S.K.: 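One structure follows; several queries about it will come next.
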Amino acid sequence: MKEEPIRRIAGLLYDGILSPQGWYDGLDTLREALDAGLFDYFTLDTASSQVFNGVDNQGKVGLHAEKLREYQNHYIGQDLRMAALAQMPVGQLMLDHEHISTREMSRNIVYTDFLRPHGFQHTLGALVRDEGGSRDFLGFIRPADHAPYGANEKTLVHQLMPELRRAAVLRARAGHLARQAALGVAALDALPQALAVVDAQCRIHYSNPCA
C-alpha cells in the first residue's frame, strides 16, 4: 500500500483518540484497504473476562447489535481465534488459517454457528493493547467467498501497527481521564454547598446546581 493512504488511516486513528467517529473511520478505512467485510474492536477486562467499549461495523453489513452481544456473552470463551491471540505478544498478527486447521474450524461453534451462517469466514486479528488489567483486540473478517488473508495484508497492518498501538494506548488513557473527570464533576454536583470555579477575570467555568 502506498504511503499516503497509510498516513491517512494513521491520521484518522489519532483523531480517534478523542473522537469516537474518528476511531470508527480509521478502522473502517483500514477494513476497506484489507478487503474485509466486518471489523470488531473491543476491550476485554482480564479479571472478569467481560467485554466493554466495543466499536464495530456490524450494523452496516446487516448484523444487529444482538448478534455481537450474543458472541460476547456466549461464544467468546469458545473462540479458537481468541485462544490463539491470547498466546501472542502485543502487535503480532494472527491469520486464523495459520493457527486453526480446517477440521478445527468445522467443529468449532464460533465458525459453525456464528461466522458461517452470516457469510463470514477468514479472520485477521491482533492484540493491540495490554495494560492496566484490560486488553484491546482487533479483528477484520472477510466474507466466506473471499480468499484468506495473505502476505500483502500482513505487510499493510504491520506498517500501521506502531501507529495503531500508540493511538490505542492514548485513547484508553484519555477515556480513563474522562471517566475520572465525570466522577469528580458528579461529586461536586451532589454537594449541598454552592461551589463555583472562576478564572482571574471572574469568568465562571463551572458551578454546581446549588451555586
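Worth saying up front: this structure is predicted, and the values here are computed from it rather than measured. Along the sequence shown, the residues carry numbers beginning at 1.
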S.K.: Looking at Gln78 and Asn108, what are the two nearest heavy atoms and their distance?
M.R.: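 Nearest heavy atoms, Gln78 then Asn108: O-ND2, 2.8 Å.
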S.K.: Suppose we screen for side-chain hydrogen bond (donor to acceptor under 3.5 Å, both in side chains). Which residues come up paired with Glu98, at least two apart in sequence or across chains?
M.R.: Lys154
S.K.: Nearest 0.5 Å, what's the CG-CG distance between Leu27 and Asp56?
M.R.: 10.0 Å
S.K.: Do any pairs count as a salt bridge (charged side-chain N to carboxylate O under 4.0 Å, His left out) and have a residue in residues 36-55, sequence neighbours left out, and if so which ones?
M.R.: none
S.K.: Side chain of Arg31, backbone of Ala36: donor and acceptor closer than 3.5 Å?
M.R.: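 Here the side-chain-to-backbone pair exists.
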S.K.: Kindly give the cluster partners of Leu12, where membership spreads through any ILVMFWY side chain lying under 4.5 Å from a current member.
M.R.: none
S.K.: Between atom OG1 of Thr29 and atom CZ of Arg8, what is the distance when rounded to the nearest 0.5 Å?
M.R.: 4.5 Å
S.K.: Using the ring pair (Phe, Tyr, Trp, His ring centres under 6.0 Å) rule, collect all pairs that involve residues 108-127, keeping only residues at least two apart or in two chains.
M.R.: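 Those involving residues 108-127 are Tyr71-Phe114, Tyr75-Phe114, Phe114-His118.
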S.K.: Output the distance between atom CG (Leu85) and atom CG (Leu80), rounded to the nearest 0.5 Å.
M.R.: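 That separation rounds to 11.0 Å.
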S.K.: Quick one: ring pair (Phe, Tyr, Trp, His ring centres under 6.0 Å) pairs with a partner in residues 11-34, sequence neighbours left out?
M.R.: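 Every ring pair (Phe, Tyr, Trp, His ring centres under 6.0 Å) pair that includes a residue of residues 11-34, provided the two are not neighbours, is Trp23-Tyr41, Tyr24-Phe39.
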S.K.: Under the salt bridge (charged side-chain N to carboxylate O under 4.0 Å, His left out) definition, can you give me all pairs with a residue in residues 82-91, not counting sequence neighbours?
M.R.: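 Qualifying pairs, neighbours excluded: none.
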S.K.: Yes or no on side-chain contact (heavy atoms from CB on, under 4.5 Å) for Arg129 and Thr43, after CA distance, side-chain angles and deciding distance?
M.R.: CA-CA 9 Å; Arg129 183 185 66 89; Thr43 301; 3.8 Å; yes
S.K.: Measuring from atom CE of Met161 to atom CG of Leu156, what distance do you get when rounded to the nearest 0.5 angstrom?
M.R.: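 Here the interatomic distance stands at 10.0 Å.
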S.K.: Who pairs with Ala174 by side-chain contact (heavy atoms from CB on, under 4.5 Å), at least two apart in sequence or on another chain?
M.R.: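 Expected list: Ile17, Leu18.
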S.K.: For the side chain of Asp136 and the backbone of Val128, is there at least one donor-acceptor N/O pair under 3.5 Å apart?
M.R.: no
S.K.: Determine which pairs satisfy salt bridge (charged side-chain N to carboxylate O under 4.0 Å, His left out) with at least one residue from residues 157-173, sequence neighbours left out, and list them in order.
M.R.: Glu131-Arg173
S.K.: Check the pair Leu164, Leu138 against side-chain contact (heavy atoms from CB on, under 4.5 Å), reporting the backbone distance first and the verdict last.
M.R.: CA-CA 10 Å; Leu164 176 57; Leu138 173 62; 3.6 Å; yes
S.K.: Tell me which pairs pass salt bridge (charged side-chain N to carboxylate O under 4.0 Å, His left out) where either residue lies in residues 76-93, with sequence neighbours left out.
M.R.: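 Found Asp79-Arg81.
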S.K.: Answer yes or no: are there more than 12 heavy-atom neighbours, outside Arg116 itself, under 6.0 Å from its atom CZ?
M.R.: yes
S.K.: What ring pair (Phe, Tyr, Trp, His ring centres under 6.0 Å) pairs are there with at least one residue in residues 137-161, not counting sequence neighbours?
M.R.: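 Matches after skipping sequence neighbours: Phe42-Phe137.
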S.K.: Does His97 have any side-chain contact (heavy atoms from CB on, under 4.5 Å) partners at least two apart in sequence or in another chain, and if so, which?
M.R.: Leu95, Met105, Pro148
S.K.: In terms of hydrophobic clustering (I, L, V, M, F, W, Y; side-chain heavy atoms under 4.5 Å; direct or indirect links), are Val169 and Val55 co-clustered?
M.R.: no
S.K.: For Glu104, check side-chain hydrogen bond (donor to acceptor under 3.5 Å, both in side chains) against everything at least two apart and list the hits.
M.R.: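 For Glu104, the residues satisfying side-chain hydrogen bond (donor to acceptor under 3.5 Å, both in side chains) (neighbours in sequence not counted) are Ser101.
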S.K.: Would the distance check show the side chain of Thr123 and the main-chain N or O of Gly125 forming a donor-acceptor pair, the cut-off being under 3.5 Å?
M.R.: no
S.K.: Could you state whether Met82 and Ile141 fall into the same hydrophobic cluster, counting links through intermediate Ile, Leu, Val, Met, Phe, Trp or Tyr residues with side-chain heavy atoms under 4.5 angstrom apart?
M.R.: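 Looking at the clustering, Ile141 is in the same group as Met82.
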S.K.: As a quick check of understanding, evaluate side-chain contact (heavy atoms from CB on, under 4.5 Å) for Gln87 and His99, giving each step before the final call.
M.R.: CA-CA 11 Å; Gln87 305 301 316; His99 297 266; over 6 Å; no
